[in-house]
Amino acid sequence: MIPSTIDGREPFTTSGTIAVANLHAQIDGLAARLLRAVPGPAEPGPAEPRPAEPRPAATGPAVTAVAGADWGAFIDLLTLRGQVLGRVADYGWAAAIAEQLVRGGAGGDGTALLARARSRATFHRFADALGDLDAAAARGGADHSVLEAERAVILQATGSYAEAERLHRNAVMDRPGFATLGALAVFQAERGEAAEAEGLFDQARQCYQGISPFPVASLDYRRGLMWHREGNLAAAAVWLGASRDRVPAYAPAVGLLAEIDAAAGANYAAIRRLLPLVSISDDPAYAAGLARALRAVGHHREAGQWHSIAAARYDELVLRHPQAYADHAADFRRLEPSLAERQSGERR
Amino acid sequence: MGDHFSSPRVFGDPAADIADVFVFPRPERPGRVVLVLTVFPSATVTSLFSDALTYRFRIRPVTVAGPGAAPGYAVGEDEYTFDFTFEGDGVGGLAQAGRCVTPGGQEVVFRVGDEMAADSLGLRIYAGARLDPFFIALTGVRETRQLGRLSFKPTDTNANEGQNVLAIVVEADLAAMLGAGAGPLLAVIGETVTSGRHPVRLEHTARAELKNFIMSDKQHDRVNQDIEIRDLFNSEDAFGLAPYYLDAYRARLNANLAFYDGLDGKTDWPTGDRGEHPLTGFLLADFLVIDISKPFAEGTYMEIDRAVLAGRPHSTSGGRPLNDDIVDLLFTLLVGGVDGPHISDGVEQATQPATSGFPYLASPNPDPPPLTPPFALPPVSAQPLES
C-alpha cells in the first residue's frame, strides 16, 4: 500500500517554538503558585536522592483534596514536557509529586491516583498503574472515560490486545474525535495493522480543533514510528519531518530522524540533529546515538565522552526505574561497549 | 479564579486560556472606554501570545428588556469587533508583533511590550505581560464550595499574588467609533478563536466565575453528573446560545445556583415549579454590560445587572473595572440576593492594584521562578561537523 502524505488540510496550530516557551512558562508559573499555596516536593535533580520521606501535600482534608486536582494538572504539564523534550527528570518530578499526593491523603477523590497511575505507567510499572486506576475508579472523582483511556494504553503495553482494542473501539464509538481516533490509530500501528492505522491517523488529524501543536506532533511521530517499524523509511521520514516541523524541539521525532540518517550512513546529519537534542534532553538514548555517530566519523575522543555520559545516565536510571530502563541499558551495553570493554573483548 | 483554567480543552495551550475580561470608562475622560482581555494564567515575562489565534472583543448594543419580560437584555443585531493577532516566536529575544483590526476595518500594527498610540484612529493599544489584577481567597472559596457553608476568614491571602498574565488593552472613543446608534448600553465579550480556515471558538468570557464557580461543580446536578460542561459552553456564541446544550446548561446552573443561595441557610432566590433558578437565564446571556455615558467609578461590577434584576434604573457605568472585588460582589449576589448583606472572602484588593494610567495593569512580576536545566549539560562539540 502507499502511505498517505500530508495534504492541504493541515491543522493550524501555534508555532512549536512559542508552544515550548509557553510550556516552560506555564510550568514555572504554576509551580510558583502551587509551591507557595501548598508546599510540595521540590524538583529532584539526577544527582539527588529520591525523596525518602514524602511530606503531606497539604493540611486539612478539604484543602488536600482540591490541591490534589491542581497538582494533577501540574503533573500533566511535567509529563507533557517530558514527552516533548525527552526529559526523564520531568517524568521523575511528576512521579515524585504523584506519590506524595497519594500518600499525603490527596487521593480521596481519585484524581491523585489517576496522576500516579500515569506516572507509574510512564516508568513501566504497569501492574501498579492498573491498581491505581482500579482504586481511582472505586473512589470516584476522576472522569470514567479518562480512566478507561489510560487503562487501554496500559493493557496495550502489556500485550492484552483484545481488551485494549475493545476499550479503544468503545471510546471511538462513544466519543469520536482526535483523542480516541488517535489512540486507536496508535494501537493499530503498534499491532502492525498499518492500513487501518493510516486511515485512522488521517481521520484523527482531520478532527483536530485545538491550537496546541503537541498533540499533532505526537500523532505524526507515532505515524512515522509505524512506518519506521514497517521498513518504509521514506514514509517514516515524511511524518517524522512533519512532527519536527510542527515542534522543532520534539525530541522523539528528531531522535528517530537522526537514527534514520545514521542508518543510511549520513552520520554528520545525525550529529547535527543530535547535538541540540542532547542539550535539552537527559534521555541517554540520544547521548548514546550521538556517541555512535561521532565514532562512525572518526571522532573517537568525543564519542567516548558522550558514551560515558550515556552510560552514567543509564546506570542512574536503571537504579531509579528498573522496569523502564533495564532493557534499554542492556541493549546499550550490548551494542555500545565502552572502549575499555571493547579492548577487553578483543584481548579475549 | 476569574475565568482562569476554565477550559480543559485549552489547558495544553495557555495562550488561548482567557483569564478575565474588563471594560470600564477611562478615568477622568468620560466617553473613552478601556477594554482589557487577559490570557495565560500564571504567565511569566517570557510568555508569548499564540500566532494561531485571534484574540477578539465583541461588542453589541443592548437595551433593558421591556416591562413584562423576564429580567434581562435585548441584544442588538449590529456587532463591532476588535481583532488582535500576533506574529513572531520570540527567538533571539525579538518581541512579537501585533496587529489590531478595528470595528471599521483599519489595521494598527504594534510591538508587544510597547504602548501604541494610533492617534488618527483615536486608539491606544498595549499587549504584553502584566501583573494579574485578579484577587481571591481561593482556600476560603474552595472550602465554602466543598463544605456547603460560608467558610471565609475575616482576612485572608490572595492566592493570585505575584502572578502574571498576558494582557491586551485597547482604549477607544467607542461612542464616536461605533456611531450614534450604538449605546449608551453596550455588551462586551472576550474570545479566543482559532485563525485557520475553519475558525473555532475556544473560549468566550465575560462575567467572572460563571464557568469556574457556577458551572464546573457536578455534584449538585441531578441531570448530568459526569459532563465537563465548560468546554461546550466556551465554544458557544454568547450572544446567541445554540439550542443543543441549553437544557444541560440550565440544569447545571439551576442546581449550582440553588446551592449558593443556600450557603447562608435561607432562600433568597425562590425557584420555579420545575426548579428554575431566577438567575439561570440571566447569567447564561453572558456578557458584560457597560453604560458608556456614565463616568468611571470603582465597585460598579454587575451594578447594571443588579438594577435590571431589581427592576430599577442603574446608576453607574457598570462594566468591570480592574480593581473591583468580583468575588465579594458575586457571593453577595448569589447568596443574599440583589441587595443582600455584603459577603467578603477576606481579600479586598490585589497586592498591587491597577493604576489610573494607561495601560492600567501593574507591571509584571519581574522575578518569576528561574528555568533551570534539571541536569548538568555535557560539553558541546567544538569540532567542525562537515560532511
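None of these values were measured; they are calculated from a predicted model. Lettering of chains follows the sequences in order, A, B, ..., and the numbering in each one begins at 1.
Contact annotation for A:Ala19: neither backbone nor side-chain heavy atoms come within less than 4.5 Å of a heavy atom of chain B. Heavy-atom distances place no part of B:Gln219 under 4.5 Å from chain A, backbone and side chain included. The parts of B:Ser195 that come within reach of chain A are both its backbone and its side chain, each placing non-hydrogen atoms under 4.5 angstrom from that chain. Contacts between B:Phe40 and chain A at a heavy-atom distance below 4.5 Å involve the side chain alone, from C-beta outward.
The CZ atom of A:Phe12 sits 9.0 Å away from atom CG of B:Leu53, with the distance rounded to the nearest 0.5 Å. In this structure, CG on B:Asp13 lies 10.0 Å from CG on A:Leu23, to the nearest 0.5 angstrom. Distance CG/B:Leu202 to CD1/A:Ile211: 5.5 Å, rounded to 0.5 Å.
Under a cut-off of 6.0 angstrom, the local environment of CZ in B:Arg111 is sparse, with at most 12 non-hydrogen atoms contributed by other residues, nucleotides or ligands. By the neighbour-count criterion of 12 heavy atoms within 6.0 Å, atom CZ of A:Arg175 is densely surrounded, having more than that number from other residues, nucleotides or ligands. Sparse packing is recorded around OH of B:Tyr245, with 12 or fewer heavy atoms of other residues, nucleotides or ligands lying under 6.0 Å away.
Among A:Asn22, A:Thr13, A:Asn267, the residue with the largest count of heavy-atom pairs under 4.5 Å with chain B is A:Asn22. Ranked by heavy-atom pairs shorter than 4.5 Å toward chain B, the options A:Thr17, A:Ile27, A:Leu290 are led by A:Thr17.
Taking both residues in full, the closest heavy atoms of A:Gln209 and B:Thr194 are given as O-CG2, 4.1 Å, listed atom of the first, atom of the second, then distance. Taking every heavy atom of both residues into account, B:Gly88 and A:Ile18 meet most closely at O-CD1, 3.3 Å.
Two residues are said to be in side-chain contact when any heavy atoms from C-beta on lie closer than 4.5 Å; A:His24 and B:Thr46 fail this criterion.
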